[in-house]
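This report concerns only the one structure given below.
Atoms within a ligand are numbered from 1 in the order they appear, just like the ligands themselves. All residue numbers refer to positions in the sequence shown, counting from 1.
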Amino acid sequence: MTQSHVAVVAFPFSSHSSTLFSLTRAMSSLAPSSHFSFLSTKSSLASLNSQHLLSNISLVPISDGITSPDHVLSHIEAIDHVPSHIEAIELFLKSFKDSLREGLKAAEIAQGCKVRCIVSDLFVWLTADVADEMAVKWVPVRTGGPLHFYAHMHADLIREVVGVGDEAIRSYGDKLLSFLPCLSNHRATDIPAGINMYMGNPNFVYFMIMDRSAHRLLDSDVVVLNTIQGLEPTLDSYFQDKFSNYFPVGPFYLLNSSKNEPPTDPYSCLSWLDQHDQATVAYVSLGTIAFIHPSELAALAKGLEASDVLFLWSLKEEVQNLLPSGFIDRMNETGKGKIVSWTPQTSVLKHPAVGGFVSHCGWNSVLESIVGGVPLVCRPFFADQVINARSVSFVWKFGVVLDERCFTEKGVVKAFDVVFKTNEGKKMREKVHELKYMVTAAVEENGSSRENLKRLVKYVCGF
Ligand code: UDP
């Protein structure tokens, strides 16, 4: 008999749902007599690796808000290089509460058991209203970088001190934000664009999500973070003081033991890496949604070709078509680089041949880079990426940020020289190995993330 029925609600865009699914698997394996209903849109559920489905998890589809099957999403030019999925997010959020109520009802009927607690991605903060209606606990989970959320939680103060708009940011210059303890190594240009309404439209849906969810979080007494106790000690103290139930249980993807599962590697990236010497290959990936302008893509390709470092590049097929003509053939013929539409990234980063990672600094990529012990070359775009890139280069010191935060041929060659060939690069490798030790120890038996996960399971399942 099911002891407790827990609903988990995903934000069905970018890497959010797969990250939350990792946490769900980890919770469900510690609570075999409880049931976990994982709610997301059909397409997001289909993208999950359901070979990992345990018998006490069921996938429950909810509407994506697109009412007509013929609906074609228009291509809205959004700021910060975010392409047309913005409209999909807006449609999803518009009908979200009704869709969620229906999904929860269906889950309760299917399990013959009332939901006792709703865990949700913080990005679907509206879940809290539905949990209130049902008089059950809401447990918000931040899947991405926590410091970015901390900044949003202090948006009013930041606006008051730094000011609002491009000019205010410029005149604040490179001064550190020492009025906020957790951001005392960051500058005004590192904080999320939406806070100061600079760089474009203040009604942009991402800004709205961050703003609303940060406010909602301030009312909560519980938070789950995809981070590791000790990685950002000042941030730990803040969250510990603010939330009576603070669960840093990251990295979520390491909570599930997958030692016996061979990685899915449809393009044979790992056997290609096997042919190369230690730390001679740069891995390049800009995550699942960052959009790179074709002229910058060409500059990156030129830099990769001009540098004498080998590379493995994960690049979606439709974007591969935008590469300079002849580039892919040349790289294949010379063996200089391999370009594929998907890699088993966590395994790639652990491969000894990989000596550097060119990344947009999405939070999962940062954590995976630490676990792989690989220094980063950072090209952040939006959301938490800018703040993460600053932490990587300035606080943790295991990477460099490209000049002007964008790809140029010379910039790529220069960054590779630093990371692969200099003493500075060697020091970065040492730094990232120190962090790797801390992070991997946290998920081992009795490690902090493991212990916090046990506490979290007790909290959500009620035993
Ligand atoms: N990823 C992967 N293979 C690829 C590209 C990406 O496995 O070829 C995974 C990567 O390991 C990471 C996620 O996609 O877990 C990207 O998440 P991140 O938070 O870094 O960026 P986002 O896509 O959310 O911007």
With backbone taken as N, CA, C and O and side chain as the heavy atoms from C-beta onward, which portion of Y267 lies under 4.0 Å from ligand 1: side chain, backbone, both, or neither?
neither
Less than 3.5 Å between some nitrogen or oxygen of H360 and one of ligand 1, yes or no?
yes
Between D403 and K414 (salt bridge meaning N to carboxylate O under 4.0 Å), is one present in this structure?
yes
Describe, in one word, how the ring planes of F149 and F123 are oriented to each other, choosing from parallel (under 30°), tilted (30 to 60°) and perpendicular (over 60°).
tilted
Should the pair E451-K454 be classified as a salt bridge under the 4.0 Å nitrogen-to-oxygen rule?
yes
Salt bridge check, K336 against E305: does any charged N sit closer than 4.0 Å to a carboxylate O?
no
Pairing of D190 and R405 as salt bridge, 4.0 angstrom limit:
yes
Sub-4.0 Å atoms of ligand 1 with respect to non-hydrogen atoms of W363:
19 (O)
W342 and ligand 1 - part of the residue with a heavy-atom distance under 4.0 Å:
both
Interfacing atoms of ligand 1 (cut-off 4.0 Å, heavy-atom, G362)
18 (P), 19 (O), 20 (O), 21 (O)
Which protein non-hydrogen atom lies closest to atom 3 (N) of ligand 1, naming both residue and atom, and how far is it?
T343 O, 2.8 Å
Within a strict 4.5 Å, meaning less than it, do heavy atoms of the W342 and T264 side chains meet?
no
Looking at E296 and R379, is any side-chain nitrogen of the basic one under 4.0 Å from a carboxylate oxygen of the acidic one?
yes
Interfacing atoms of ligand 1 (cut-off 4.0 Å, heavy-atom, G287):
23 (O)
Are N364 and S15 close enough, and set up right, to give a side chain to side chain donor-acceptor pair (under 3.5 Å), and what steps lead you there?
CA-CA 8 Å; N364 287 305; S15 58; 3.2 Å; yes
What protein heavy atom sits nearest atom 20 (O) of ligand 1, and how far off is it?
S365 OG, 2.6 Å
Can you sort out which atoms of ligand 1 are near Y283, meaning under 4.0 Å from one of its heavy atoms?
4 (C), 8 (O)
Does S285 come within less than 4.0 Å of ligand 1, judged by its heavy atoms?
yes
Which residue supplies the protein heavy atom nearest to atom 11 (O) of ligand 1, what is that atom called, and how far is it?
E368 OE1, 2.6 Å
How close does the nearest protein non-hydrogen atom get to atom 6 (C) of ligand 1, and which residue and atom is it?
Q345 OE1, 3.5 Å
If you take all heavy atoms of P146 and R142, which pair is closest and at what distance?
CA-CG, 4.4 Å
Stacked cation flag K94 on F92, 6.0 angstrom / 45 deg
no
Measure the distance from atom 17 (O) of ligand 1 to every protein heavy atom, then report the residue, atom name and distance (to 0.1 Å) of the closest one.
S15 OG, 3.2 Å
Please state which protein non-hydrogen atom is closest to atom 23 (O) of ligand 1 and give its distance, to 0.1 Å?
T288 OG1, 2.4 Å
I'd like to check whether S341 has a polar contact with ligand 1, where a contact means an N/O of the residue lying under 3.5 Å from an N/O of the ligand.
no
Nearest-contact summary for atom 8 (O) of ligand 1 - protein heavy atom, Å:
S314 OG, 2.6 Å
